[in-house]
Amino acid sequence: MAIGIDVPMPSEPENPEAYDYEKCPFYGQLSVRGQVREGTVVSTDMAKTVIVEREYDVFVPKYDRYMKRRSRIPAHVPGVLDSLEEGDEVKIAETRPLSKTKSHVVVEVLEGDA
């Protein structure tokens with residue numbers, strides 16, 4: 001629980017001289033705050049970024065039933081968690097803005113596709 005969230009600590013970076021400590025919540029200075037969400041990785045096309053999709057239900061009072069909605073959240077992948085693939089279940093945490101669209105960071109890989 002080194003980052004304020006109950007997640008396991010990953011192993012230390014293999015190359016400490018070339019590691020990006022500025023954007024790492026585990027071994028750097030990046031603080032996590034706000035909401036912690038779970039979702040599925042749907043895209044790994046960008047460097048150090050994944051798109052996490054989460055599906056949730058919204059109640060529609062007019063029809064007295066629920067409808068499904070989904071949101072896609074870009075999240076930064078720290079160097080110690082680089083082995084993400086599409087279909088992995090991950091836990092992401094809110095942080096300061098890291099770029100124009102990224103304000104979340106991956107903090108735990110829950111389970112893989114296989």
Under 3.5 Å, side-chain donor or acceptor atoms of residues 41-54 against the rest of the protein: list the pairs with distances, not counting sequence neighbours.
unit_1, atom_1, unit_2, atom_2, d
Thr49, OG1, Ala47, O, 3.4
Thr49, OG1, Lys102, NZ, 2.9
Glu53, OE2, Arg72, NH1, 3.2

I want to check something: taking the side chain as every heavy atom from C-beta on, are [X] and [Y] in contact at a cut-off of under 4.5 Å?
X	Y	value
Leu81	Phe26	yes
Leu84	Val109	yes
Pro25	Pro78	yes
Ile92	Val107	no
Val7	Lys91	yes
Leu98	Ser103	no
Glu108	Pro8	yes

Residue pairs involving residues 33-64 (criterion ring-ring contact (aromatic ring centres under 6.0 Å, His included); sequence neighbours excluded): Phe59-Tyr66
Approximate separation, where rounding is to 0.5 Å, of Arg33 CZ and Leu30 CG: 9.0 Å
Atom pair SG/NE2 of Cys24 and His76 - distance to nearest 0.5 Å: 7.5 Å
Of all residues at least two apart in sequence or in a different chain, which pass the salt bridge (Lys or Arg N to Asp or Glu O under 4.0 Å) check with [X]?
X	result
Glu55	Lys68, Arg70
Lys100	none
Glu38	none

Thr95 (side chain) donor-acceptor with Val105 (main chain) under 3.5 angstrom: no
Asp88 side chain to Glu85 backbone, donor-acceptor under 3.5 Å: yes
Non-neighbouring partners of Thr40 that pass side-chain hydrogen bond (donor to acceptor under 3.5 Å, both in side chains), sequence neighbours left out: Glu89
Closest contact, heavy atoms only, Val80 versus Ser11: CG1-O, 3.4 Å
